Amino acid sequence: MRTIELTKRQAEIIRIVKEEGPITGEQIAERLNLTRATLRPDLAILTMAGLLEARPRVGYFYSGRSVPNPFTEKLMSIKVGDVHSLPKVVVDTATAYDAVVTMFTEDVGTLFVVTSEGRLEGVVSRKDLLKVAIGGSDLHKLPIGIVMTRMPNIITTTPEESVFKAAQKLIAHEVDALPVVKPMNEEDGTESWQVVGRLTKTNITRLFVELVQGGGDFHIPGKL
Ligand code: ADP
């Protein structure tokens with residue numbers, strides 16, 4: 001991960017050192033038709049940034065260590081728990097019609113389907129409902145269990161996961177929302193999950209705007 005902005009000359013220096021290192025400052029200057037003195041500040045920056053290493057009597061060689069950038073560091077430290085919204089759910093006894101109504105009244109594009117104890121059973125998206133609607137099914141009679149994508153195929157996140165990791169999941173699985181979950185203690189020892197939130201592309205977009213507007217400062221927005 002390259003995270004500092006290099007000038008054209010600094011990029012040239014890196015290229016030369018990658019190809020020819022170890023190489024002395026004098027030799028780099030020759031390649032660039034510059035004096036050693038002119039190059040000194042660039043070499044100092046590149047060495048301090050950890051991109052080049054300087055060995056006495058040997059010269060410079062490329063180390064290529066990535067340099068932490070404050071914006072990236074800040075982003076990586078923000079957790080799903082800092083930005084997610086409240087979950088919008090329907091119970092597993094609901095019909096497809098109930099889900100359509102809930103989607104409208106709650107103004108969301110994704111609903112989580114839960115048992116009466118709050119255990120995550122499935123996810124239903126706008127298109128899942130449109131599909132059955134155009135298929136001519138009677139939505140009043142259609143159980144939501146037939147429409148939803150069900151466990152264990154649900155991609156989830158946790159409050160402790162980094163927003164960056166969760167954003168990668170949204171992209172990789174081409175979905176709009178992830179249920180934010182916590183493990184639930186089942187008496188029979190089976191693994192199940194309680195839904196505690198909803199992480200959507202909108203949360204990520206809002207965070208992006210906040211970070212840029214705040215110059216990298218992030219104030220935890222109110223959970224919606
Ligand atoms: P839409 O289908 O309205 O464009 P999505 O892209 O979010 O919305 O959903 C695509 C499909 O993936 C749907 O069938 C939906 O049930 C399913 N889906 C949505 N979110 C998840 C998730 N977090 N995990 C697994 N499947 C999901």
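Start at 1 and go down the list; that is how both ligands and their atoms are numbered. Bear in mind that the values here come from a model prediction, so they are computed numbers and not experimental data. Only this structure's heavy atoms are used, side chains among them; waters, hydrogens and symmetry mates stay out.
Below 4.0 Å from some heavy atom of Ile154 lie the following atoms of ligand 1, by number and element: 24 (N), 25 (C). Taking every non-hydrogen atom of Ser125 and a distance limit under 4.0 Å, the qualifying atoms of ligand 1 come out as 1 (P), 2 (O), 3 (O), 8 (O), 9 (O), 13 (C), 15 (C). Close approach of ligand 1 to Pro179 is summarised as follows: ligand atoms under 4.0 Å from at least one heavy atom of the residue are 23 (N).
Ligand 1 has no N or O atom lying under 3.5 Å from any N or O atom of Thr110, backbone or side chain. Distances between N or O atoms of Asp176 and those of ligand 1 include at least one value under 3.5 Å. At a 3.5 angstrom cut-off on N or O pairs, Leu178 does not count as close to ligand 1.
Summary of contacts: the protein heavy atom closest to atom 27 (C) of ligand 1 is Val175 CG1, 3.5 Å. Looking from atom 24 (N) of ligand 1 to the surrounding protein, the closest heavy atom is Ile155 N, 2.9 Å. What sits closest to atom 14 (O) of ligand 1 on the protein, heavy atoms only, is Asp128 OD1, 2.6 Å. When hydrogens are left out, the protein atom nearest atom 25 (C) of ligand 1 is Asn153 O, 3.3 Å; that is the closest non-hydrogen contact. What sits closest to atom 17 (C) of ligand 1 on the protein, heavy atoms only, is Thr149 OG1, 3.5 Å. Nearest to atom 3 (O) of ligand 1 among the protein's heavy atoms is Lys127 N, 3.1 Å. Among all protein heavy atoms, the one lying closest to atom 6 (O) of ligand 1 is Glu174 O, 3.4 Å.
Here the side chain of Asp107 pairs no donor or acceptor atom with the backbone of Phe104 at under 3.5 angstrom. Between the side chain of Thr38 and the backbone N or O of Leu34 there is no donor-acceptor pair closer than 3.5 Å. The backbone N or O of Ile16 lies less than 3.5 Å from no partner atom in the side chain of Glu19, so there is not a single donor-acceptor pair.
Residue Leu170 comes nearest to Leu199 through the heavy atom pair CD2-O, 4.4 Å, listed as atom of the first residue, atom of the second, then distance. Shortest non-hydrogen contact noted between Ala167 and Ile204 is CB-CD1, 4.0 Å.
Cluster partners of Met76, using a side-chain heavy-atom cutoff of under 4.5 Å among ILVMFWY residues and allowing indirect links, are Phe164.
The existence of a salt bridge linking Glu12 and Lys8 is excluded, since no basic side-chain nitrogen approaches an acidic carboxylate oxygen closer than 4.0 Å.
Within the structure, the closest approach of Gly122 to ligand 1 does not fall below 4.0 Å when heavy atoms are considered. For Ala177, the closest heavy-atom approach to ligand 1 falls below 4.0 Å.
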For Glu161 and Thr158: C-alpha separation, side-chain torsions, deciding distance, then whether side chain to side chain donor-acceptor pair (under 3.5 Å) applies.
CA-CA 5 Å; Glu161 187 163 59; Thr158 62; 5.1 Å; no
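Test Glu121, Met184, Glu117 against Ser192 for side-chain contact (heavy atoms from CB on, under 4.5 Å) and you get one pass: Met184.
Residues passing the salt bridge (charged side-chain N to carboxylate O under 4.0 Å, His left out) test with Arg36: none are found, sequence neighbours excluded.
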